Amino acid sequence: MPNLEHPAYPAAKLLQLESLVPCRESQVSLLLSIFGEREQFSFPSIFIYGHRASGKTYVMHTLLNTLQLPHVFVNCVECFTSRLLLEEILIQLQRYSEAEQSSHVPCDTLNDFVRLFKQAVASRELQDQTLYIVLDRAEQLREMEANILPSFLRLQELTDTNVTVVLLSEIVWELFRPNTGCLEPVTLYFPDYSIGHLQKILSQNHPPLYSADFYAAYINILLGVFYMVCRDLKELQHLAVLNFSKYCEPVVRGEANERDTRKLWKNIEPHLKKAMQTVYLREISSSQWERLQHDDGEPGQLKGLSAHTHVELPYYSKFLLIAAYLASYNPVRTDKRFFIKHHGKVRKTNFMKKHEKTSNHLLGPKPFPLDRLLAILYSIVDNRVAPTANIFSQISSLVTLQLLSMVGHNDQLDGPRYKCTVSLDFIRAVAR
């Protein structure tokens, strides 16, 4: 029995849609309920959020294209200014116009956009059904003029047309809400894929030369190795394609059959260890990786860029290390003087506490809370930093490295009272 049912759409289309979006049936069903029938007015704005590679963009693309709903899809990273964003929406709307393609019309303000938008949707096709404007990577709207986000949220009211704006983002709505208030959108959360969902999705892409059970066994081995360090569907798809040829080698040579999992595992294990060293890094291309797979040498030795003594840290990890170091060695009372531009006059005094006469580097690093670390990070990074899951995962990785460096020093791990400290030696060790 199909999971997707809606009286406004043919059953064959819904069945096709269900096969294209596995493990997202509940979210698609909820979106269909929110959309309603084609000619009905839908909600003015919908906010969809979730971590990276959770299927937000793919589900919206597939849903709108499969059901043939009129839509405009814009990436806010590519259209990084309000003028580029508004003009791109108008350009994509021209494909629904009955008249010939007109020349490019500049759009400098929201007033111009509302006027040109009404003219663009005046065709019969767009008047009879809902038009959907999907803004991917919508967190970039916060960097634009203050009136852009509130205007998109109530675009249906401003233009008096049947239009719904869908915002896709990796951060929660509370970080979007303007201080002056705005029309609240309908929020929908896309959770991360579980290991069962990843197994089902990845197993669907099995090569035609091999059976589905054989490829499912390979995906099970791959997830068993990488699931604890990588749950990104896109990265796992890349790893599955990259290492499948090595998994098949015993079968191709006739040394094993598809059910001999022990021999297949012994053949693929050293190559998965190599791939473990370069998860997310993309240091070399797929063709270069395949050539390295055929080279002789120690199984655990990587001959790519990771063999060098210097490995570049992620962008925010560098600033997180600097912020942690500053928080460990500077007293809390100095934060205002160091990290705020207009902090007022500082009263000079010769009074110093007894323990302050000693250098902080001799006393060692001091513990600090997470809120102070993030506050220092925001002040030393030039651009605006969104507190996404990417930032917190890098913090978690640094804390894990610090804990591992303390193994054997049980006196520093004081149970629930332990707080993170970062020393200069630890920073040097991570940088190496």
Side-chain angles (χ1 to χ4, degrees), residues 3-4 6 14 16-35 42-80 85 88-89 92 130-144 148-149 152-153 155 163-177 184-198 200-202 204-205 230-238 280 386-393:
N3 294 323
L4 300 180
H6 199 282
L14 294 178
Q16 178 188 359
L17 178 62
E18 185 177 347
S19 64
L20 294 174
V21 287
C23 309
R24 282 290 180 253
E25 293 84 1
S26 60
Q27 286 77 20
V28 173
S29 178
L30 183 56
L31 282 172
L32 291 175
S33 301
I34 294 174
F35 287 175
S42 182
F43 283 91
S45 54
I46 303 171
F47 182 81
I48 301 176
Y49 67 102
H51 291 164
R52 182 177 179 270
S54 57
K56 306 180 296 296
T57 304
Y58 173 74
V59 167
M60 286 303 304
H61 257 301
T62 308
L63 173 62
L64 296 173
N65 289 327
T66 304
L67 299 181
Q68 298 178 350
L69 300 175
H71 64 277
V72 171
F73 219 103
V74 181
N75 190 317
C76 295
V77 175
E78 299 174 0
C79 303
F80 50 90
L85 177 64
E88 179 63 22
I89 294 174
Q92 293 193 30
T130 306
L131 171 66
Y132 298 93
I133 299 178
V134 184
L135 303 179
D136 197 8
R137 303 293 297 275
E139 56 268 13
Q140 301 298 323
L141 295 176
R142 304 182 304 162
E143 307 294 335
M144 299 181 186
I148 293 295
L149 178 60
F152 272 116
L153 293 175
L155 186 63
V163 59
T164 295
V165 177
V166 182
L167 306 176
L168 307 181
S169 176
E170 296 180 9
I171 61 178
V172 296
W173 167 247
E174 284 71 21
L175 299 176
F176 273 81
R177 186 181 289 113
E184 294 288 323
V186 178
T187 58
L188 177 60
Y189 175 61
F190 273 50
D192 291 338
Y193 290 110
S194 65
I195 188 171
H197 292 162
L198 293 173
K200 181 179 179 181
I201 295 172
L202 294 173
Q204 289 184 343
N205 300 324
C230 174
R231 303 185 183 185
D232 189 319
L233 177 59
K234 296 177 182 178
E235 185 70 21
L236 290 172
Q237 286 175 335
H238 174 73
Y280 291 115
T388 60
N390 184 27
I391 297 294
F392 287 102
S393 65

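All values below were derived from every heavy atom in this structure, side-chain atoms included, with hydrogens, water molecules and symmetry-related copies excluded. Computed from a predicted model, the values in this text were never measured in an experiment.
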Worksheet item: Going from OH on Tyr193 to CG on Leu233, what distance comes out if it is rounded to the nearest 0.5 angstrom?
Response: 6.0 Å
Discussion item. Can you list everything that forms a side chain to side chain donor-acceptor pair (under 3.5 Å) with His61? Sequence neighbours excluded, please.
Written reply: none
Worksheet entry | Sequence-distant partners of Gln16, side chain to side chain donor-acceptor pair (under 3.5 Å), two or more places apart | none
Item to complete: Using the test ring pair (Phe, Tyr, Trp, His ring centres under 6.0 Å), find all partners of Phe35 that sit at least two apart in sequence or belong to another chain.
Response: Tyr132
Discussion item. According to side-chain contact (heavy atoms from CB on, under 4.5 Å), who are the partners of Leu188, at least two apart in sequence or on a separate chain?
Written reply: Leu30, Leu31, Ile48, Phe190
Response to the item:
When rounded to the nearest 0.5 Å, the distance separating CD of Gln204 from SG of Cys23 is 7.5 Å
Response to the item:
Closest non-hydrogen contact found for Ser54 with Arg24 is O-NH2, 2.9 Å
Worksheet item: Can you tell which of Ile133, Leu149, Ile46 makes a side chain to side chain contact (heavy atoms under 4.5 Å, CB included) with Leu167?
Response: Leu149
Practice prompt. Classify the ring geometry between Phe176 and Trp173 as parallel (under 30°), tilted (30 to 60°) or perpendicular (over 60°).
Written response: parallel
Worksheet item: What are the two closest non-hydrogen atoms of Gln27 and Pro191, and how far apart are they?
Response: NE2-CD, 3.4 Å
Practice prompt. Check His6 against Ser33 and note the closest heavy-atom contact, atom names and distance.
Written response: CD2-N, 4.5 Å
Discussion item. Taking Tyr58's backbone N and O only, do any of them form a donor-acceptor pair with Thr62's side chain (distance below 3.5 Å, no angle check)?
Written reply: yes
Response to the item:
Looking only at heavy atoms, the pair that brings Gln237 and Leu202 closest together is CG-CD2, 3.3 Å
Worksheet entry | side chain to side chain donor-acceptor pair (under 3.5 Å) partner of Ser169, the single match among Arg137, Gln140, Glu139 | Glu139
Worksheet item: Less than 4.5 Å apart, any side-chain heavy atom of Val21 and any of Thr66?
Response: no
Worksheet entry | Ser45: side-chain contact (heavy atoms from CB on, under 4.5 Å) partners, not counting sequence neighbours | Leu153, Pro185
Worksheet item: Of all residues at least two apart in sequence or in a different chain, which pass the side chain to side chain donor-acceptor pair (under 3.5 Å) check with His51?
Response: Asp192
Item to complete: Would you mind reporting whether Val28 and Val59 have side-chain heavy atoms less than 4.5 Å apart?
Response: yes
Fill in: side chain to side chain donor-acceptor pair (under 3.5 Å) partners for Thr57, two or more places apart
Asp136
Worksheet entry | Under the side-chain contact (heavy atoms from CB on, under 4.5 Å) test, residues paired with Leu175 that sit two or more places apart | Arg142, Ile171, Val172, Pro387
Item to complete: Check whether any side-chain heavy atom of Leu32 sits under 4.5 Å from a side-chain heavy atom of Leu14, and report yes or no.
Response: yes
Worksheet entry | Test item: Arg231 and Ser194 side chains (from C-beta on) under 4.5 Å apart, heavy atoms | no
Practice prompt. State, to 0.1 Å, how close Ile34 and Ser42 come at their nearest heavy-atom pair, and which atoms those are.
Written response: O-OG, 3.0 Å
Worksheet item: Backbone N or O of Phe43 within a donor-acceptor pair of the Thr164 side chain at under 3.5 Å?
Response: yes
Item to complete: Would you please name every residue forming a salt bridge (charged side-chain N to carboxylate O under 4.0 Å, His left out) with Glu170, sequence neighbours left out?
Response: none
Practice prompt. Looking only at non-hydrogen atoms, find the nearest pair between Pro22 and Ser19 and report the distance.
Written response: CD-O, 4.0 Å
Report, one line per pair, each donor and acceptor closer than 3.5 Å where one atom sits in a side chain of residues 71-80; sequence neighbours left out.
| unit_1 | atom_1 | unit_2 | atom_2 | d |
| --- | --- | --- | --- | --- |
| His71 | ND1 | Leu69 | O | 2.8 |
| His71 | NE2 | Asn65 | OD1 | 3.4 |
| Asn75 | OD1 | Val77 | N | 2.8 |

Response to the item:
Applying salt bridge (charged side-chain N to carboxylate O under 4.0 Å, His left out) to Glu143 and not counting sequence neighbours gives none
Discussion item. My understanding is that only residues two or more places apart in sequence, or in another chain, count here; which of them pass ring pair (Phe, Tyr, Trp, His ring centres under 6.0 Å) with Tyr49?
Written reply: Phe47, Tyr189
